[in-house]
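Inspection log for the structure reproduced underneath, given as structure tokens.
Residue numbering restarts at 1 for every chain, and letters A, B, ... go by the order of the sequence lines. Just so it is clear, the model here is predicted, and its values are computed rather than measured.
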Amino acid sequence: MQKISKAKLYELFDDIASKQTLYIPTDREAGAAEYRKYESGMKLTKELNTVRSAKDFFFPQTENLAEFKIDGKNIEVRDIREECEDFVIFGVRACDAKSFTILDKVFLCEPVDSFYKNRRDHGTVVTMACKRPAETCFCKTFGIDPTVPGGDVSCFDDGESIFFLANTDKGEKFVESISSFLEDGDTDKLMEVQTRAREIMGRLPLAKLSTENFGGDKLNEYFNSDKWAELSEACLGCGTCTFVCPTCQCYDIKDFNTGHGIKRFRCWDSCMYSDFTKMAHGNPRLTQLERFRQRFMHKLVYFPANNDGEFGCVGCGRCLAKCPISMNIVKVMKALEAK
Amino acid sequence: MQVKENFEPVIVAFCCNWCSYAGADLSGTNRLNYPTNVKIIRVPCSCRVNPMFILRAFQKGADGVIICGCHPGDCHYTSGNYFTRRRITLLYSMLDFLGIERNRTRLEWVSAAEGAKFAATMQQFTEDVKALGPNRRLEDLRCRKQ
Amino acid sequence: MQEAMIKRAKELLADGSVDRVIGWKRGEFTYDITPAVFTSAEEIDSDFVCDDFTAANVSKYLVKETQKEGKVLAFLKPCDTYSFNQLVKEHRIDREKVYVIGIEGGPKLDIEKIKAKGITGILSVKNEDYTLRIETIYGTQTMPFYEAVLDKCASCKSKKHVVFDELIGEDGDVLDSNRFEMVEKLENMTSQERFDFWRDQLSKCIRCNACRNVCPACTCENCVFDNPKSGIDNKAPADSFEENMFHIIRAFHVAGRCTDCGECSRVCPQHIPLHLLNRKFIKDINELYGEYQAGADTTSRAPLTDYTKDDCEPSVVHERGVE
Amino acid sequence: MNNDTLIPKIGVVTDIRQDTPDVKTFRVIAPEGGKVFEHMPGQCAMLSIPGVGEAMFSITSSPTNKEFMEFSIKKCGCLTEWLHAMEVGQQITIRGPYGNAFPVEGDLKGKDLLFIAGGIGLAPLRSVINYVRDNRANYGDVQVIYGSRSKDDLVDYQEIIDEWMADPNIEVNLTIDNPQEGWDGHVGFVPNYVKELAPSTSKTVLVCGPPIMIKFTLAGLKELGFKETQVYTTMELRMKCGVGKCGRCNIGNKYVCKDGPVFRFDQLGELPDEY
């Protein structure tokens, strides 16, 4: 496999950044990493993962859809879409890389969402294999091997060097473009690192969590479960879990009057919010119980029902870490399973 | 901040119906000049001014916001302006705390008889805001005119 | 203390004095504790927990709980009693339906501060004589207890319970805290520096509404930010202005009612020091209108629904030292 | 870049008809004339006034109408209030068509049809009724049972009187909730009227109206011996995108905007009761 010595990594970053926009996960403060546009001098985070997921790159929190000019009774619609510029995201974890394929199922199915596709077409995802999973990690539950992270290019760190492995045509092109920095490398040590990481994965507190009791055929069994009341009791109805979640993709479309035109934009929305389904004549999800149930049923039952058994969760553990009241999908799964 | 050569600020003045609005009226009938930058919004009482109104004014392009009410003790509704005083003091202090230039906000008591004071206040406030330049710190970029 | 609480809760449930108990429930790990309502001794025995991680303020849940039939037992830490009192004052909680047991407060721990030390794979956290012994998948680590204390506990304002029906443990005193230190530091910066500080902080906001929804002072049935007719309803900070507006208005809406319980900053997934905005209001109120502690009693008039004829003019803001 | 369904087209309102005190029917054409897009009976479109909001409305005109589309809209919220305040010539934005349609070219073909509507629930069915009338040879008996609170609340009353009742090929039964001066027709709730009329169970039923009416009508139909597989309805939930991506109009794993709005009752029965 082709590799680069870690000492030369930032030289490589400088080179990539000179050709296209490069994003890397970097420390915002101790214990909190985020993706930022790479500039010389910026350092990769030592954190396992970023606080916010990487979905922002393809599905940003807000984006303009169209503009309207109103002149008396006439309206002019302006298509403000522009071809996105090429960009590279470096250091995406296996869970986030997998989340892109889940988002693809939503946004790239007919009718294709051109806003999402535009970014997806121009973004190269360079992933990074995990060596030190956290206690909140449970990607294994969803069939993800974090030591083989996927994306367009997979990267592996054996402590001294970073190895690059292209997975797609786009990835091939990328590796080709940086080939002057790469040399052939021996992967023996890498295999050791991988074996050790897999061994740790097996010892994680959530390693035994399984999806076997969930799936598209469990709708009636779980929808009417009496566990929802207890599970949702403490839920604040905030959107933290949905906004840090790499696979949550619900959105709202809103208009903003700028005083000299109307901007129609879409922004993330959360099924946990009280007004998510509110209509002029009522609300089918009146209490937090229904909203809470919707989120987890969507990930564990509805999504697999519509997508050949694929679950709407990647086990990144962000909601475990960030929920203000520590209620999360793991607790929900365990409670629903318990007979 | 760099002041543009011909920068003309937009000033929003919330004027209480009973005193300050009448004061503005009086300055007009007395043919006293005050800058055309000032856009007056009439409110029933200065305490009708919700902090949100002030922020929205900045959002939609104001460079300065001034609230005018009856002198303390003269409120048409007895005590409205006393509440205004506390509320607006705290709000201005908060805006200052967030680093918004403090000269963009003001509160003045102008009675129905003080047409001259109204004109002078507006003149002075407009000058102050002009010196600060366009509102950038509490601006909604989407509303900026290209 | 946990044993005493469990014992008392079971007694009160058994003799029918209360129908439900609100407390904290054990989670998957050692730190992920969820506020929960217990209705039976069995549930309490298996799940009830009160330890270094039970920082969540349960008083806001009592708004909903007291709308139900029956009486509820609430375990309140000193800081929680202020929130409780404030809610009683605002007629949001039916005092008659709550039996309050005051329990000792923190300092409670912040798991994020432990993780920020690079400690990961956490299996258990034990406090051994104010040194934390943290067992992880990657071996045992230690760190000083006080480095992992929640910010809200580090600047604790009071160990005194302002309301209780009975106490477990000792009652403390109002403390001479340093809680305005950071506010003062910001006040002494230049306007540009303050602006840069807040822009940097507020730009992190993802508008998850956790601060609002956890806040015991935010109990509106329909928030102005959720009301399409308010003209400012928004779900995402589409512009830096909206980030500012949300937090200014939110802080303003709880000004004079915020008890400084610190929950907003505790739950912020982006670590924005939101409590500083509230403390600024508290500090201003104290300095301009006299010392006032929201929630300290249920009778006094709140500073923003009150006035005196010789209140200062807003020009005090303009006359301050640094611009 | 290809067209994106989220970027709307312009529609011009060329006619506004006050149907009932709170329902107006709007006629919409493309600025260059003709329809903005083709649709099938039962499908919906997203209408919006930029700056006010966007919402889903069923297209009440029949696809056989090649000149314009019509929307019957009840004033009940923010956007609909604005729509009601519009004048002729006003432009709005429109995108669609969204959702599935009544299977007029599939399962309904050759069948005896019974339409049951309550109040504004006539809007989506009117599209089917007129489609059937224009392709009369393809269908068997057609019966319409339509009820409203009062005579004034009967949507499209003029068309019902002038065209449907004059059409010997369809049977129209009208009812209003309470007796009213100038009304010599039937008085009573729709579900009861259906039971009184006791239509033949060989008919395929299309029902739309307020949820409570649908509930009792369905129960009544079952009493009469109708099977759930014979009854179709059309649903409405809050929608934003119209294409099953924004995630709010789902009932179980089905999105009303994409998999619906038309459901057969046996399909609906498999979904959780959350609508």
Side-chain angles (χ1 to χ4, degrees), chain A residues 65-70 73-77 79-83 106-107 109-118 216 219-220 223-224 248-257 261-262 264 266 269 271 276-285 290 293-294 297-298 301-306, chain D residues 1-13 31 46 48-55 74-81 86-93 98 210-211 236-255 258-259 270-275:
Chain A
L65 297 178
E67 282 180 14
F68 304 97
K69 288 272 174 212
I70 296 179
K73 287 181 173 177
N74 295 331
I75 300 172
E76 182 201 337
V77 183
D79 185 350
I80 47 164
R81 290 176 298 170
E82 279 172 18
E83 200 73 18
V106 177
F107 288 113
C109 75
E110 281 302 323
V112 172
D113 187 293
S114 64
F115 300 90
Y116 177 84
K117 186 169 186 296
N118 184 12
L219 199 150
N220 291 317
F223 189 86
N224 297 313
C248 270
Q249 104 305 314
C250 292
Y251 62 79
D252 194 359
I253 297 177
K254 292 179 101 60
D255 286 355
F256 177 77
N257 187 342
I262 309 287
R264 177 160 296 171
R266 74 162 159 207
D269 202 347
C271 52
F276 187 63
T277 52
K278 194 171 167 191
M279 293 176 282
H281 78 75
N283 191 345
R285 299 187 198 131
E290 286 108 33
R293 175 172 62 192
Q294 161 66 18
M297 287 295 281
H298 186 209
V301 178
Y302 305 157
F303 199 83
N306 293 345
Chain D
M1 239 178 277
N2 294 332
N3 286 340
D4 195 293
T5 185
L6 295 180
I7 301 173
K9 299 187 172 66
I10 298 289
V12 188
V13 177
M46 275 283 195
S48 115
I49 298 181
V52 180
E54 195 174 36
K74 182 170 172 161
K75 184 155 83 174
C76 60
C78 184
L79 175 67
T80 53
E81 265 171 41
M86 281 192 307
E87 293 170 6
V88 168
Q90 174 71 48
Q91 294 193 341
I92 56 172
T93 75
Y98 294 126
E236 185 186 27
L237 286 175
R238 186 166 191 198
M239 298 167 192
K240 284 287 180 181
C241 68
V243 287
K245 298 182 199 289
C246 80
R248 71 195 67 221
C249 68
N250 66 308
I251 306 171
N253 63 320
K254 298 288 182 209
Y255 289 98
K258 198 171 111 187
D259 306 308
E270 287 165 15
L271 299 176
D273 184 22
E274 195 177 51
Y275 46 84

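- Using a 4.5 Å cut-off between heavy atoms, D:Cys241 contacts chain A through both its backbone and its side chain.
- The distance from the CZ atom of A:Phe115 to the CD1 atom of D:Ile7 is 4.0 Å, given to the nearest 0.5 Å.
- There is no contact between A:Cys248 and chain D, counting heavy-atom distances below 4.5 Å.
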A:Ser114/A:Arg81 under side chain to side chain contact (heavy atoms under 4.5 Å, CB included): CA gap, chis, key distance, verdict: CA-CA 9 Å; A:Ser114 64; A:Arg81 290 176 298 170; 2.7 Å; yes
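- In summary, A:Asp269 and D:Arg248 engage in a salt bridge, as defined by a charged side-chain N under 4.0 Å from a carboxylate O.
- Most heavy-atom pairs under 4.5 Å with chain D: of the set A:Arg285, A:Glu110, A:Gln249, A:Met297, this distinction falls to A:Arg285.
- Looking at D:Asp273, the atoms closer than 4.5 Å to chain A (heavy atoms on both sides) all sit in the backbone: N, CA, C or O.
- Neither the backbone nor the side chain of D:Leu79 comes within less than 4.5 Å of any heavy atom in chain A.
- Between chain A and the residues D:Val12, D:Ile10, D:Val13, D:Asp259, the most heavy-atom pairs under 4.5 angstrom are made by D:Ile10.
- Contacts between D:Tyr98 and chain A at a heavy-atom distance below 4.5 Å are absent for every atom of the residue.
- Atom CG of D:Asp4 is separated from atom CG of A:Leu65 by 7.5 Å, given to the nearest 0.5 angstrom.
- Nearest heavy-atom pair across A:Arg264 and A:Asp255 is NE-OD1, 2.7 Å.
- Ranked by non-hydrogen atom pairs under 4.5 Å with chain A, the options D:Leu6, D:Val243, D:Asn3, D:Thr5 are led by D:Leu6.
- Ranked by heavy-atom pairs shorter than 4.5 Å toward chain D, the options A:Asn283, A:Val77, A:Asn224, A:Asn220 are led by A:Val77.
- Comparing D:Ser48, D:Ala55, D:Gly244 by heavy-atom pairs within less than 4.5 Å of chain A, the highest count is held by D:Ser48.
- Proximity to chain D is absent for every atom of A:Val301, based on heavy atoms less than 4.5 angstrom apart.
- Heavy atoms closer than 4.5 Å to chain D are found in both the backbone and the side chain of A:Ile75.
- With a threshold of 4.5 angstrom between heavy atoms, D:Pro8 approaches chain A through its backbone and through its side chain.
- Of the atoms belonging to D:Ile251, not a single heavy atom falls under 4.5 Å from chain A.
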Residues D:Lys245, A:Phe107; criterion side chain to side chain contact (heavy atoms under 4.5 Å, CB included); working and verdict: CA-CA 7 Å; D:Lys245 298 182 199 289; A:Phe107 288 113; 4.1 Å; yes
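- Interface remark: A:Tyr251 contributes backbone and side-chain atoms alike to the contact with chain D (heavy atom separation under 4.5 Å).
- Here the closest non-hydrogen pair linking D:Glu87 and A:Lys73 is OE1-NZ, 3.5 Å.
- Of the two parts of D:Glu54, only the side chain, counted from C-beta on, holds a non-hydrogen atom closer than 4.5 Å to a non-hydrogen atom of chain A.
- At a 4.5 Å heavy-atom cutoff, the contact between A:Asp252 and chain D is made by backbone and side-chain atoms alike.
- Residue A:Asn118 touches chain D through its side chain alone, counting heavy-atom pairs closer than 4.5 Å.
- The structure places CG of A:Asn74 at 4.0 Å from CD of D:Gln91, a figure rounded to the nearest 0.5 Å.
- Considering every non-hydrogen atom in both D:Lys258 and A:Cys109, the closest pair reads NZ-SG, 4.3 Å.
- For the atom pair CD1 of D:Ile92 and NZ of D:Lys9, the computed distance is 13.5 Å after rounding to the nearest 0.5 Å.
- Among D:Cys249, D:Pro31, D:Gly77, D:Gly89, the residue making the largest number of heavy-atom pairs under 4.5 Å with chain A is D:Gly89.
- Considering only heavy-atom pairs separated by less than 4.5 Å from chain D, the leading option among A:Cys271, A:Gly216, A:Cys250, A:Ala66 is A:Cys250.
- A:Asp113 has its side chain within reach of A:Arg266: a pair of non-hydrogen atoms, C-beta onward, lies under 4.5 Å apart.
- At distances below 3.5 Å, at least one donor-acceptor pair connects side-chain atoms of A:Arg293 with backbone N or O atoms of A:Phe223.
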Step-by-step side chain to side chain contact (heavy atoms under 4.5 Å, CB included) determination, A:Gln294 to A:Thr277: CA-CA 11 Å; A:Gln294 161 66 18; A:Thr277 52; over 6 Å; no
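- Residue D:Val52 touches chain A through its backbone alone, counting heavy-atom pairs closer than 4.5 Å.
- Heavy atoms closer than 4.5 Å to chain D are found in both the backbone and the side chain of A:Glu83.
- Proximity to chain D (any heavy atom under 4.5 Å) is restricted, for A:Ile70, to the side chain, taken from C-beta onward.
- Looking at D:Asn253, its side chain never comes within 3.5 Å of a backbone N or O of A:Tyr302 through a donor-acceptor pair.
- Neither the backbone nor the side chain of A:Phe256 comes within contact range of chain D; no heavy atom of the residue lies under 4.5 Å from a heavy atom of that chain.
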